[in-house]
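Take a look at the structure below.
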Amino acid sequence: DVNSKTTNLNTSASWRMTQKIQTSFGFSREFQEGDRESYDATLSWSLSPHLSLRASGGYQIADNINSWSWRMNANASF
């Protein structure tokens, strides 16, 4: 909608802790009727050239409802 008056704020940061472990964090905020904000974090771990793990989670506040999300991935290549 062209007449929509929404302002968004998005930030993120990443940190490579070691050669095999990396983290990232994010924050997002929508300023409008029914403000919404969300937070997320990810940890990636490369165990070997053929195996990696990734864990991520998030928290969202929207329309006075709080929700959590979690995800775990394992990747293998042969």
Atom pair [atom1]/[atom2] of [X] and [Y] - distance to nearest 0.5 Å:
X     : Y     : atom1 : atom2 : value
Phe78 : Leu51 : CZ    : CG    : 8.5 Å
Asn8  : Ser28 : CG    : OG    : 6.5 Å
Glu30 : Ser38 : CD    : OG    : 8.0 Å
Phe25 : Thr42 : CZ    : OG1   : 8.5 Å

Q. According to a 4.5 Å side-chain heavy-atom criterion applied to Ile, Leu, Val, Met, Phe, Trp and Tyr, with indirect links allowed, do Ile65 and Trp68 form part of one hydrophobic cluster?
A.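 Looking at the clustering, Trp68 is in a separate group from Ile65.
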
(Q) Test of understanding: clusters of I, L, V, M, F, W, Y form through side-chain heavy atoms closer than 4.5 Å, transitively. Do Tyr59 and Leu43 belong to the same one? (A)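 Different hydrophobic clusters.
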
Please examine the side chains of [Y] and [X], heavy atoms only from C-beta on, and report whether any two atoms are closer than 4.5 Å.
X     : Y     : answer
Arg36 : Arg29 : no
Asn73 : Leu53 : no
Lys20 : Leu47 : no
Met72 : Trp70 : no
Phe27 : Glu37 : yes

Q. How far apart are the closest heavy atoms of Ser46 and Ser52, and which atoms are they?
A.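 Closest pair (atom of Ser46, atom of Ser52, distance): CA-CB, 4.1 Å.
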
(Q) So which atom in Ser77 and which in Pro49 form the shortest heavy-atom distance, rounded to 0.1 Å? (A)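 Taking Ser77 first and Pro49 second, the nearest heavy atoms are OG-O, 4.1 Å.
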
Q.
Are more than 12 heavy atoms, taken from residues, nucleotides or ligands other than Asn64, located less than 6.0 Å from that residue's CG atom?
A.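 Open.
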
Q) Would one find more than 12 heavy atoms of other residues, nucleotides or ligands at under 6.0 Å from atom CZ of Arg54? A)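 No - once you tally the heavy atoms of other residues, nucleotides and ligands closer than 6.0 Å, there are 12 at most.
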
**Q.** Chi angles and distances behind the side chain to side chain contact (heavy atoms under 4.5 Å, CB included) call for Leu9, Phe31
**A.** CA-CA 8 Å; Leu9 170 66; Phe31 300 94; 4.1 Å; yes

Q) For Gln60 and Asn66, what are the C-alpha separation, side-chain angles and deciding distance, and is it a side chain to side chain contact (heavy atoms under 4.5 Å, CB included)? A) CA-CA 6 Å; Gln60 183 177 50; Asn66 302 347; over 6 Å; no

